[in-house]
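If you read the sequence from its start, that first residue is 1, and numbering goes on from there. What you see below is based on every heavy atom in this structure, not just the backbone, and it leaves out hydrogens, waters and symmetry mates. What you see is a predicted model; the values in this text were computed from it and never measured.
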Amino acid sequence: MTRYFNGREIELLAPAGTFEIFKEVVQSRCDAVYLGGPVLNMRMMRKGYNLSLEEIAEALDIAHGLGKKVYITVNNLFSEQEIEEAREYLTYLESVRPDALIVQDLAVPELIREMGLTLPIHASVMMNVHNLEMIHALHELGVSRVVTSREMDLQTAKLLGSASGMELEYFVHGDMCSVHGANCYYSSHVFGMSSNRGKCMKPCRWDYRIKKDGYIFPAEYPLAVKDMFMYENLPELIESGITSFKIEGRMRDKDFMVMLVNSYGEAIDRYIDDPAGFDRTVDSKLLYNNRKRDFSTAYAFGKPGLRNINRRYEGTGKFYSTGKVFSTPTAERELSEERVEQLRERLAAEGNRERERMKPELAVRVNNMAQAKAALEAGVEHLYLSGDVYEPDRPFTKRDLLELGAIKGETKLVLGLPRMMTELHFDQYDQLLIHGERLPIDGLLATNLGAIRRYNRAGYPLIGDSSLNIYNTLAAGLYAGLGLQRISVSPEMTLEHFAAFAPRCALPLEMVVHGTPALMYMEHDLYENTEVMEPIGEEDNLYVGNDVLVLMTDKGENPVYRDQHGRCHLLFSKELCYLPMLEELNTAGISCFRIEGATYSPEQLRAILNAYRHAINGSSGSGEGTAEGLQPFYAGYTLGSLQFN
C-alpha cells in the first residue's frame, strides 16, 4: 500500500508496542509500522512491551505480505558494555531485513559501516535534527530519512526538505516533550534513569510552582505539554513536502491505536481523492472524545507559547496506558563522604594505567566579560565563551573577542556556538568565522553535528560540547573522524558506564566537574507564565542577586535562565561537585576538568577556580580558596548521574 499526492509519496506511520497490537495495527489504514525489539530502544520502561526476535521476523513477514513497511527502533544511547549486544542485534536484523532502523546513537551507522551491513538508517527525533548542515552530515553517514526536531515548524521543514532532498518524517499525533530531543538530563541526574536510554521518569509532568522576584505563581504543570494533533491540518502537512506522518504511541493500547490510525488514514485518502473539497473535521469529534490529554499543533505553525501547556490532571506524570504514576518530585541527592569514597575506589580500580598520564587542565565556560577576566586572572588553560548567553547579559561581540584575545596570554580562548543553530545562525557565524578576518581564538566549542560539518573547514580546532551526549567509544571515534580534537563526556553517564568508557576512549576527554549545567534545554518560554499570572505569595529568594525564574517543588528549587535566543535552560537546584575525586577521574582518562561558571559572580568563580587549581596541584590547606575550604553557593552539592551504578 503506497499513497501518492502529485507524484510525492505520503506515508502514514503507526506505532505498535506489542506483537498483539502490531497484528491489529498493521491491518489498519497505515502504510508502515514502527516497533521496538527486546533491547536498545527508547521504550524499555513497561514490562511486557516490545517484540521478541522471533516476533520481529513474523511481523516483517506479515507486513511485507500486505505491502507495508516495518521500521525497527534501535534508538537509545548505547553504553560501552552494550556494543557487543548491538553487534549481535544488528546481525540478526540484517538477516530478517526490516525496511529501516530508527537510530539516535551515531554508534549505529558506525557499526553498520564496520560490519558491512546494508540496513537502511533513519535519524530519530532524538538526534534533534534542526538545520541543513545536520541533514547533509547525516546523509554522508548513510542516513536516508530524518525525523525532524519536535520544535520544527512546517515552513522550515519544507525549506530543509527541498534544499537537501532528504525524506522527512514529522510527528502528527501523540505525546510530546517540552524539552528539545536528547537535551533532558533531569531523570538521569535525580534517578539514574536516562531519558535518552528509554527510562525517563517524566519530571516534566510534575506539579511545579514558579517563583520570580520573590513572588510565587500557581504554575501547576508548566512543563507538561499537550498532545500533538495535526488531523485538521493534513493539507498543510502534505503541502510542506513531509514524506512520513508519524503517530506517537508505542505504549498505547490496541483499540485506541486502531481507531486513531484509521481516522488519519481515512482523512489522508479523502484529501488525495478530493483536495479542493476536503472536510478537515470529519473525525475531529471522535478524536477529541478519545483524547488522553488536550490537543495542540505544537510548533507546526510557529512557537505556541502557553497554549501548548496542558493544565488538566491528565497532564501530570501518569503513564496513561496504565494509570500508574511515573514519579513524584524527588530531591537531588546530597554529596556524601561515603559515596565519594566508593566512587574514588571504583574509578581508581578502573583506570587505564597503560595510558600516559598528563597533568589535567582546567577549563571554564563563562557568560560575560567580568567572568571571563576573572578566569584569565585565575590562569585557566581553556576559556569558553558561551554561545547561549543567559539574560540579562548580552552576547559576546567581536570587540569582546579582540579584547580577550589581546590579554589571554597562555590561555586558549574558545568561542562557543549556540546549541541549536538555525540557518540564520549559520549565516551569522559564517560571516564571523569563514568570510571575516581571522579571530584571535584558539578553537570552537561545537554543540551539534551540523556545526561540526560546517566549521571543520574554518581552520579553528573543534572541541565537542557535552550536548553531543557521546556515550561510547564508537561514537567518539566517529566524531574524531569528523574533526573533533577533544570531547566532553556525556552528562548522563552513570559510574558503571563512565568506568567502562573513559579508560578506553582514544580521544582526549573533558568532563564537567563543577557548576550548574542545564538539566533541560527548551524552546518553550517559561518566563511567559509570569507575564500572565497573578502572584499568590512572597518568599525570600534563594538565589540572591539573580533575577531569574525558579521552578519549585517541595523537594527543591530549580533556577531557569533564558538565553539570547529566547530558549530556556533549567538548572540543578544544587551544584555539581567532583572536587574530592579529581585524581581518580584523571586516572580514569579525564585530561580536562570543566567548570560551568555562567551563574556565578566573578568573586564566586575565582573561589571555585582557586579551589580546583589547588586540588590539581596537590596543594594542602583548609583556608578559603582551597579544596577543603570551598563551600556551595547555592543549595548544596550533588554528584549528578555519576553517583548511580
Looking only at atom types and distance, does a side-chain atom of [X] sit under 3.5 Å from a main-chain N or O of [Y], one as donor and one as acceptor?
X	Y	value
S591	L509	yes
S386	D388	yes
Y170	M152	yes
D427	H425	no
S244	K246	no
S164	L160	yes
S195	C184	yes
Q564	Y390	no
R150	V179	yes
N617	R613	yes

Strictly by modelled atom types, are [X] and [Y] linked by a side-chain donor-acceptor pair under 3.5 Å?
X	Y	value
S124	Q104	no
T447	D465	no
T473	E80	yes
H122	Y71	no
D105	N472	yes
T516	T599	yes
E492	S641	no
N131	E423	no
K359	N586	no
N448	R419	no
D393	N367	yes

Taking the six-membered ring for Trp, are [X] and [Y] ring centroids under 6.0 Å apart?
X	Y	answer
H569	Y561	no
H189	F572	yes
Y600	Y634	yes
H130	H180	no

Side chains of [X] and [Y]: does their closest heavy-atom pair fall under 4.5 Å?
X	Y	answer
L101	L93	yes
I452	L462	yes
F593	E361	no
Y455	Y429	yes
H514	L630	yes
L111	L474	yes
L343	F498	no
L495	L347	yes

What's the separation between atom [atom1] in [X] and atom [atom2] in [Y], rounded to the nearest 0.5 Å?
X	Y	atom1	atom2	result
I595	H382	CD1	NE2	12.5 Å
M369	R399	CE	CZ	10.5 Å
L445	R365	CG	CZ	5.5 Å
N183	C177	CG	SG	11.0 Å
L168	S162	CG	OG	9.0 Å

Atom of [X], atom of [Y] and distance for their closest heavy-atom approach:
X	Y	value
A374	P602	CB-O, 4.0 Å
F644	T494	O-CB, 3.1 Å
A372	L385	CB-CD2, 4.4 Å
V340	P580	CG1-CB, 3.7 Å
T638	G640	OG1-N, 3.2 Å
V512	L576	O-CD2, 3.5 Å

> Which is it for M511 and Y578 under the side chain to side chain contact (heavy atoms under 4.5 Å, CB included) test, yes or no, and what are the steps along the way?
Replying inline: CA-CA 10 Å; M511 188 174 191; Y578 293 157; 3.6 Å; yes

Within a reach of under 6.0 Å around [atom1] of [X], are more than 12 heavy atoms found that belong to other residues, nucleotides or ligands?
X	atom1	answer
K408	NZ	yes
R457	CZ	yes
H139	NE2	no

> Going through the distances and angles, do E151 and K303 end up as a salt bridge (Lys or Arg N to Asp or Glu O under 4.0 Å)?
Replying inline: CA-CA 8 Å; E151 291 72 22; K303 200 167 182 177; over 6 Å; no

Does this structure show an ion pair linking [X] with [Y], if we count only N-O contacts that are shorter than 4.0 Å?
X	Y	answer
E596	R594	yes
E437	K398	yes
D525	R567	no

> Excluding sequence neighbours, so at least two apart, what forms side-chain contact (heavy atoms from CB on, under 4.5 Å) with Q81?
Replying inline: S79, E496, H497, A500

> In this structure, which one of R344, R346, R339, E345 forms a side chain to side chain donor-acceptor pair (under 3.5 Å) with Q342?
Replying inline: R339

>> Checking N469 against S490 for the side chain to side chain donor-acceptor pair (under 3.5 Å) test, could you report, in this order, the C-alpha distance in whole Å, the side-chain angles of both residues, the deciding distance, and whether it holds?
In response: CA-CA 4 Å; N469 216 0; S490 165; 2.4 Å; yes

> C200 and M193: side chain to side chain contact (heavy atoms under 4.5 Å, CB included), yes or no, with the steps?
Replying inline: CA-CA 6 Å; C200 184; M193 305 281 280; over 6 Å; no

> Going through the checks in order, is the side chain to side chain contact (heavy atoms under 4.5 Å, CB included) test met by E332 and L519?
Replying inline: CA-CA 12 Å; E332 294 164 16; L519 293 178; 3.8 Å; yes

>> Please evaluate residues L415 and L433 with respect to the criterion side chain to side chain contact (heavy atoms under 4.5 Å, CB included), reporting the C-alpha separation (whole Å), side-chain torsions for both, the decisive distance (0.1 Å), and the verdict.
In response: CA-CA 10 Å; L415 177 62; L433 299 172; 4.2 Å; yes

